[in-house]
*Asks:* 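Quick one: this structure, given as structure tokens, is what I'll be asking you about.
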Amino acid sequence: MSLAFCGNDNNSAAYNVDAGVLNNGCFLDALTVVPHVFLLFITFPILFIGWGSQSSKVHIHHSTWLHFPGHNLRWILTFILLFIIVCEIAEGIVSDGFNQSVHLHLYMPSCLAFMAAITSIIFYHNIETSNFPKLLMTLLIYWVLAFVSKTIKFAKYTEHGIGLRQLRFGITGLLTLLYGLLLAVEINVILKRRYMCFAHPTEVKPPEDLQDLGVRFLQPFVNLLSKSTYWWMNTFITAAHRRPIDLKVIGKLPIAMRALTNYLKLREAFEAQKVCIQPQGPKWIWTALRQAFGKPLLLSITYRFMADLLGFAGPLCISGIVHHLSKENHTIQPPHLGIYFISSQEFLANAYVLAVLLFFALLLQRTFLQASYYVAIETGINLRGAIQTKIFNKIMRLCTSNMSMGGMTVGQICNLVAIDTNQLMWFFFLCPNLFAMPVQIIVGVILLYYLLGISALIGATVITLLAPVQYFVATKLSDAQKSTLEYSSERLKKTNELMRGIKLLKLYAWEHIFCSSVEETRRKELTSLQTFALYTSISIFMNTAIPIAAVLVTFVAHVHLSDDADLSPAVAFASLSLFHILVTPLFLLSSVVRSTVKALVRSNNSRPPLYPFQITNGYFSWTDGTPTLSNVNIKIPFGQLTMIVGQVGCGKSSLLLAALGEMQKISGTKTSLLSESFIREMKRGAVAYASQKPWLLNTTLAENITFEMPLIKQRYRAVIEACSLQPDIDILPQGDQTEIGERGIILSGGQRQRIGVARALYQATNVVFLDDPFSALDIHLSDHLMQEGILKLLREEKRTVVLVTHKLQYLPHADWIIAMKDGSIQTEGTLKDIQNSQPELFEQWKTLMHRQDKEFEKNMTVLERKNLRRAMYSREALKTEEEEEEQSVESDEEDNLSRVMRHRATIPWRSCGTYLSSAGLLLLLLLLLSQLLKHSLLVAIDYWLAHWTSKVITAKIDAAAHNCSLVQVKIADLTHSSYLLVFSLLCCLGIVLCLVTSVAVEWTGLRVAKELHHSLLNNIILAPMRFFETTPLASILNRFSSDTNTIDQHIPATLECLSRSTLLCVSALGVISYVTPVFLIVVIPLAIACYFIQKYFRVASKDLQQLEDSTQLPLLSHFSETVEGLTTIRAFRYEPRFRQRLLEFTDANNMASLFLTAANRWLEVRMEYIGACIVLIAAVASITNSLYNHLSTGLVGLGLTYALMVSNYLNWMVRNLADMEVQLGAVKKIKALLKTEPENYEGLLCEYHQGKIQIQNLSVRYDSTLKPVLKHVNAHISPGQKVGICGRTGSGKSSFSLAFFRMVDTFEGRIIIDDIDIAKLPLQTLRSRFSIILQDPFLFSGTIRFNLDPEMKATDSMLWEALEIAQLKPVVKTLPGGLDAIITEGGENFSQGQRQLFCLARAFVRKSSILIMDEATASIDMATESILQKVVMTAFADRTVVTIAHRVHTILNADLVIVMKRGVILEFDKPEVLLNQEDSVFASFVRADK
């Protein structure tokens, strides 16, 4: 056996050493074993004993990692070395096949070399990660020995006349070169690191990122193998199965990927471009983008080129394998050096060699492709972060008038951030396709021409001619999507208004008007979605049908054009694979071109505004039209209290904003009262500003007050006390650490306003601007805030205070007064100055000042706190459920934990069932049957092709055997014509079924979208008011926005992709198993690997997708918060702090995106490697089956073509499964809302017109779980009576008014109106007969006409009359369009007071028999209020009016007064009767009011 190394045949040449041992081939091979054995023996103890034991005890953290010089080059050279050694092993095995006995020396040294090469790179990796370079000495010796032994071998080959015709000569030469290069790399490490032969070695620290233990995204720092296979992600993805992924798990971004780094890079590129090009237009932007992010993109394009070129190895290898199976090739060449050498042609003529080469080509192609994807997406993510930061900096300099006048909405800015920046990111992802695809198409067509001749060009022409059609379809698809998006935005806007104004809509019984308005927009959206679905189905159809049509046309042309048509399996299946490769780039090219055209960025430069405090002869405007403020001359004295007063809409708030520089200056001079140096630098100090509409952050109450300032406890307590916030804080579950929701959604208007004022008081600024801080506060709170906050806290600190107010009783405290009228200054000065100069104005003020509305104790505030308790109760109930879920996840009990984790890993089949069942049985059956039939037909087409080509070959062989050309031609013709007919029929049927399936999928999606939205809207609109009070508005709106969008557009596409990729994989595995049944046994371990990979990936992918979405929400929220509070932020001079928060949010979102990208690449690399293994197994099995069991070459070609298909679609199947799982979450959430119990809208239709009210033993509560708020109330109100209701807060006044509308749960007693029990009336009828004016004014976007009369019943004269009554006729007359003038979202283009007046006008238009006014005059100045009270009394003289009093003097003229306390009626009589009773509670209220 010792002699078997050199073979044991009779030929003694192998042992002939007469010419010297170095001239013996076997000895030369034995000589090359020495270096490999040396390395294996030396490194074994170090690797397995040293590091093996160490790594089991101590985990080397990545903070010690660094890369030695030539790191990447070493890895690349090692990969090439391994590939060449595999070729050497294969060459040895093939050449050994020509010998009579086994010659181990032909491949055994190569096997050892392979082991040594792998050991060398593992050894190097361990040395590098532990930073111990002295051990590299071992590798230096190994490279020297290997280089020397290979050089000797190469020299001897040259000496004996062995040249390039022999493959082994070329392989030896390449190995010599590679060992030499690796030796050079090793010497370079010594020279750079100086770890030997030098007195002082170079100290090198790991990168700064790796020293930060928070950085866990290691892709830039790992070695090349881990980088290309995403090996470092293994622990991350498997850990997701044990613990959900959150922001703590993903850690920080590496410095090079942070938004700030990339923003600075982009800014530098823009600055550099300004020097060369005029900063204008897309060319300037694209040049800057290329300069900043061009290099990584170029790398991605290079990877893509290499991947695409390697992709053609599949068809070529299939052609080679099938072609060579039918040939025997055993040409024996004369021996050299006692052994046989084979040429490269003989080597590549071996089918097994081609199978192995195909395997390596696939591995390499997939690796390059995923590397290209990763680099492109990473660049896109970096660009997105830079662009978002740039947009934010632009927003910081945005003019406020752009916002208030609808020039730019919060929605538009969020779209810019969420959609446009993502489009730019995806353009970068698609960019490599733009360059690589034309090359792929050209190479594909050349190869087809080589295989099929002129007929290939005809097939390619079919694809090329259909490409413009695809481009047309893609364009139409884009247009349909844009139109759908417009309708979707409009629907969302309407839904948002509907949900925000749901209380008003229910009270006025208008919910169905607004519901039908939403439904109408939804119908338009669905029409647009139908167009979208139609073009999508055409696009899917073309994508699947074009390859079939192209193959059909090509083969028909090939058979008819060529006299001796070579339609062998080798040609047929290689062509089939090439057509599959060609269709993808042609299909995508249109999308890529369209994306390129769309991805243009536009940005406008804006200059920072000037911020003054003194204005001379100023004219200011929100737009370029009529000035809002004219002839303004004011001077705000330092360290004093300045008050600005005037009627509603006279321009008080505008004056403050003009002083802050937020309005456009038409003319006049603005001067800062700061030092000259500040004026020159266009700067001013910070101003603490509390806006009229409070602006709060979605954070804790304490953080809203301190507002980025350090917490000084003494000052904080003083501010809390001044703003009377302590009782409110006590209600909150976590005190001042409670998160108060977006825009302070859980708080009332007064509470929000006091927090806004508290923020202004807390800040250490010299100047404080307070815009109507008392509007939502009752008199006690107002007085307390005035005394403790403004007069004490601010005055003591000598701060300049500018106060806009309607509370004229505070005028005596003012050091300086500015009175405004119709957008100009009426007068200014001290109160004494005004008394002397404007006695009439002073008298008017005096009347109002003496009527100090000292209302009963804390009336509004206690109600606010009660509502807050209710809100917190419901919020805590929801939170408790969430916490219970979280606790169940974090529970230590193994069973519970495993159950929760198992639930995370399972696919939501129920949601899938809900989705499919919504489509209806017929559509579902059509969908399933068409999909199964289509894929069965596709298999039948390819099987028939295999059968046809095999029979053609058999017919030709038989004809050749008979040696009769006439018979041959006849048989061939007969074969072609009969088979071609069946082939054509199958192809045509396949094309028809492609159309049916694509239409069925889209139609199913459309039907489901229609059904689910309709059910959702109609369920929600009928839900009781309690549902809206306990469910966060954002949660409801999300169901209508993102979840509906997912169901509309994403699920159908994912469903189609999932069904297609799954059925293709199943049919492919079926075909391979049919061709080579042994494949089934070998594929079991691969199937198990696939199962575990998809199982782990789905959980991690779901977590990361949700994390990406959840990190995008704070980012968008931060943008919208910043836009809404722009004035406040700029006033406070807090731009840098908000920029810093933006960078944190952007980095968190980008971190999640990067991990998701890396996870996708992790999956795809593994799935595609498994696909490559399937190709190798299928190829080896079918080759063996063909050689030994005479399997037809047609079936071999069929099996290999389908094996390639599996490698393409396997990862898509898992990706789509993971996507589908996430998207079905939307269906699950909507399904949960569909279970909401609606209000009972049924009843007997009756009419009532008089307005007589009888309340009998009435008890009501807000919920069956809560205590009653009204207890056994009895009252009788005659038609036309004016009734006032008063009482302390929490006494049940508002509950009393809501009981009329059945908005609360009446569990005892009844209300009878005009002898009809309201419980028996249909809700719609009941509510439509009342009018109510709420404390919070709510206007809908649309015309003034629509806001006053959505039912469109009133005439123009009636509307003008209502506006005149509400003191709004002059205002509306001046507006363009009059009654058809547009009201912007939330009525932002009118002041708070004007909005309340519109609500009063709305009630007048309705002219119902009963009017309820619920503290309706809270936001109106006293002068306007007194006019309104008179108007109400006259306009509603013949109708019943119930007034819930805000200011007690307003109900002195009422016919009856009801005094309430803790849900019961204390007093019920005429006001004069109650006033005459000394012990009357009402009398005590009135006395307190004087």
Side-chain angles (χ1 to χ4, degrees), residues 62 65 75 79 125 215-246 249-251 253-254 257 300 303-304 307 362-381 429 904-905 1057-1058 1061 1065 1085-1108 1150-1174 1206-1222:
H62 62 245
W65 290 0
W75 277 92
F79 286 142
H125 171 68
V215 174
R216 297 197 184 103
F217 188 77
L218 305 177
Q219 182 70 6
F221 314 109
V222 291
N223 63 54
L224 215 57
L225 180 67
S226 186
K227 202 174 275 191
S228 55
T229 58
Y230 304 89
W231 192 261
W232 64 273
M233 283 285 289
N234 286 355
T235 49
F236 177 81
I237 283 175
T238 50
H241 225 260
R242 296 188 299 273
R243 180 194 168 190
I245 298 169
D246 55 21
V249 173
I250 63 174
L253 262 180
M257 293 176 179
S300 175
Y303 287 151
R304 185 58 195 266
L362 281 173
L363 287 184
L364 206 54
Q365 189 241 346
R366 303 307 191 198
T367 305
F368 277 134
L369 187 66
Q370 295 309 322
S372 171
Y373 286 161
Y374 172 77
V375 173
I377 295 176
E378 186 201 275
T379 310
I381 289 168
F429 172 50
R904 284 177 76 231
C1057 278
L1058 179 63
S1061 51
C1065 286
L1086 290 178
I1088 292 167
C1090 268
Y1091 169 75
F1092 281 106
I1093 288 168
Q1094 67 83 30
K1095 184 184 173 186
Y1096 284 116
F1097 170 76
R1098 276 192 8 257
V1099 174
S1101 173
K1102 188 178 177 182
D1103 282 358
L1104 285 168
Q1105 282 192 51
Q1106 286 170 350
L1107 190 64
E1108 189 184 31
N1150 287 355
M1151 187 80 264
S1153 299
L1154 279 166
F1155 263 104
L1156 182 61
T1157 301
N1160 287 337
R1161 303 287 78 79
W1162 179 90
L1163 167 82
E1164 291 185 8
V1165 163
R1166 274 146 194 75
M1167 282 298 173
E1168 288 179 340
Y1169 285 0
I1170 286 171
C1173 292
I1174 288 170
V1206 170
S1207 72
N1208 282 327
Y1209 287 103
L1210 205 57
N1211 67 324
W1212 275 110
M1213 184 176 77
V1214 181
R1215 278 282 298 277
N1216 286 314
L1217 191 63
D1219 289 347
M1220 182 58 93
E1221 194 177 352
V1222 172

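This one's a predicted model, so the numbers in the text were calculated from it and none came from an experiment.
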*Asks:* Indicate the atoms forming the closest heavy-atom contact of Cys1065 with Val1206, along with that distance.
*Replies:* O-CG2, 4.3 Å

*Asks:* Would you say Asp1219 and Val1222 make side-chain contact, with heavy atoms under 4.5 Å?
*Replies:* no

*Asks:* For a side-chain contact (heavy atoms from CB on, under 4.5 Å) check, start with the C-alpha distance between Tyr303 and Val375, then their side-chain angles and the critical distance, and finish with the verdict.
*Replies:* CA-CA 9 Å; Tyr303 287 151; Val375 173; 4.0 Å; yes

*Asks:* When rounded to the nearest 0.5 angstrom, what is the spacing between CD1 in Ile237 and NZ in Lys1095?
*Replies:* 14.5 Å

*Asks:* Using side-chain heavy atoms (C-beta onward) and a distance below 4.5 Å, is Val1214 in contact with Ile1093?
*Replies:*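 Heavy-atom side-chain distance check fails, nothing below 4.5 Å.
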
*Asks:* For Thr1157 and Tyr373: C-alpha separation, side-chain torsions, deciding distance, then whether side-chain hydrogen bond (donor to acceptor under 3.5 Å, both in side chains) applies.
*Replies:* CA-CA 9 Å; Thr1157 301; Tyr373 286 161; over 6 Å; no

*Asks:* Within this structure, what is the CG-CD1 distance for the pair Leu362 and Ile1174, rounded to the nearest 0.5 Å?
*Replies:* 11.0 Å

*Asks:* Looking at Arg1215, is its backbone amide N or carbonyl O close enough to the side chain of Arg1098 to form a donor-acceptor pair, meaning the two atoms are under 3.5 Å apart?
*Replies:* no

*Asks:* Specify whether Phe217 and Phe1155 have parallel, tilted or perpendicular ring planes, treating 30° as the upper limit for parallel and 60° as the lower limit for perpendicular.
*Replies:* perpendicular

*Asks:* Given side-chain contact (heavy atoms from CB on, under 4.5 Å), test Thr367 with Val1165 step by step and report yes or no.
*Replies:* CA-CA 7 Å; Thr367 305; Val1165 163; 5.7 Å; no

*Asks:* Compare all side-chain heavy atoms of Trp231 with those of Asn223 and state whether any distance is below 4.5 angstrom.
*Replies:* no

*Asks:* How far apart are the closest heavy atoms of Val1099 and Ala240, and which atoms are they?
*Replies:* CG1-O, 3.6 Å

*Asks:* Using side-chain heavy atoms (C-beta onward) and a distance below 4.5 Å, is Leu224 in contact with Phe79?
*Replies:*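 Leu224 vs Phe79: side chains touch.
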
*Asks:* Does a donor on one side chain sit under 3.5 Å from an acceptor on the other, for Ser300 and Ser372?
*Replies:*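 Present: a donor and an acceptor within the cut-off.
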
*Asks:* Would Lys227 and Trp232 satisfy side-chain contact (heavy atoms from CB on, under 4.5 Å), going step by step from the backbone distance to the final call?
*Replies:* CA-CA 8 Å; Lys227 202 174 275 191; Trp232 64 273; over 6 Å; no

*Asks:* Identify the two heavy atoms, one from Ser1061 and one from Tyr1209, that lie closest to each other, and give their separation to 0.1 Å.
*Replies:*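 The answer is CB-O, 3.9 Å.
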
*Asks:* Is a side-chain donor-acceptor pair under 3.5 Å present for Asn234 with Trp1162?
*Replies:*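 Present: a donor and an acceptor within the cut-off.
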
*Asks:* For the CZ atom of Arg1166 and the CE atom of Met233, what is their distance to the nearest 0.5 Å?
*Replies:* 9.0 Å

*Asks:* Got a donor-acceptor contact below 3.5 angstrom from the Gln1105 side chain to the Lys1102 backbone?
*Replies:*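 Judged by distance alone, no pair lies under 3.5 Å.
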
*Asks:* Any non-hydrogen side-chain atom of Leu253 less than 4.5 Å from a side-chain atom of Val215?
*Replies:* no

*Asks:* Is there a donor-acceptor contact under 3.5 Å from the side chain of Ser226 to the main chain of Val222?
*Replies:*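 Here the side-chain-to-backbone pair does not exist.
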
*Asks:* Going through the distances and angles, do Ile245 and Phe236 end up as a side-chain contact (heavy atoms from CB on, under 4.5 Å)?
*Replies:* CA-CA 9 Å; Ile245 298 169; Phe236 177 81; 3.8 Å; yes

*Asks:* Just verifying a value: how many Å separate Cys1173 SG and Leu1086 CG, rounded to the nearest 0.5 Å?
*Replies:*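 Going from SG on Cys1173 over to CG on Leu1086, the span is 6.0 Å.
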
*Asks:* If you take all heavy atoms of Ser1101 and Leu1156, which pair is closest and at what distance?
*Replies:*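 Result for this residue pair: O-CD1, 4.0 Å.
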
*Asks:* Restricting to non-hydrogen atoms, name the atom on Ile250 and the atom on Ala1152 that form the minimum distance, rounded to 0.1 Å.
*Replies:* CD1-N, 3.9 Å

*Asks:* Using 0.5 Å steps for rounding, measure from the CD atom of Glu1164 to the CZ atom of Phe1097.
*Replies:*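 Taking CD in Glu1164 and CZ in Phe1097, the distance rounds to 7.5 Å.
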
*Asks:* Does Thr238 use its side chain to pair, donor to acceptor, with the backbone of Thr235 at less than 3.5 Å?
*Replies:* yes

*Asks:* Can you see which heavy atom on Met257 is nearest to which on Leu1154, and at what distance?
*Replies:* SD-CD1, 3.6 Å

*Asks:* I'd like to know if the side chain of Asp1103 and the backbone of Pro244 have a donor-acceptor N/O pair within less than 3.5 Å.
*Replies:*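 Flag not set: sc Asp1103 to bb Pro244 has no pair under 3.5 Å.
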
*Asks:* Could you tell me whether the side chains of Glu1168 and Gln370 share a donor-acceptor contact shorter than 3.5 Å?
*Replies:*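 Present: a donor and an acceptor within the cut-off.
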
*Asks:* Heavy-atom distance under 4.5 Å between the side chains of Tyr230 and Gln219, does that happen here?
*Replies:* yes

*Asks:* Working to the nearest 0.5 Å, report the span between CZ of Phe368 and CG of Leu363.
*Replies:* 12.0 Å

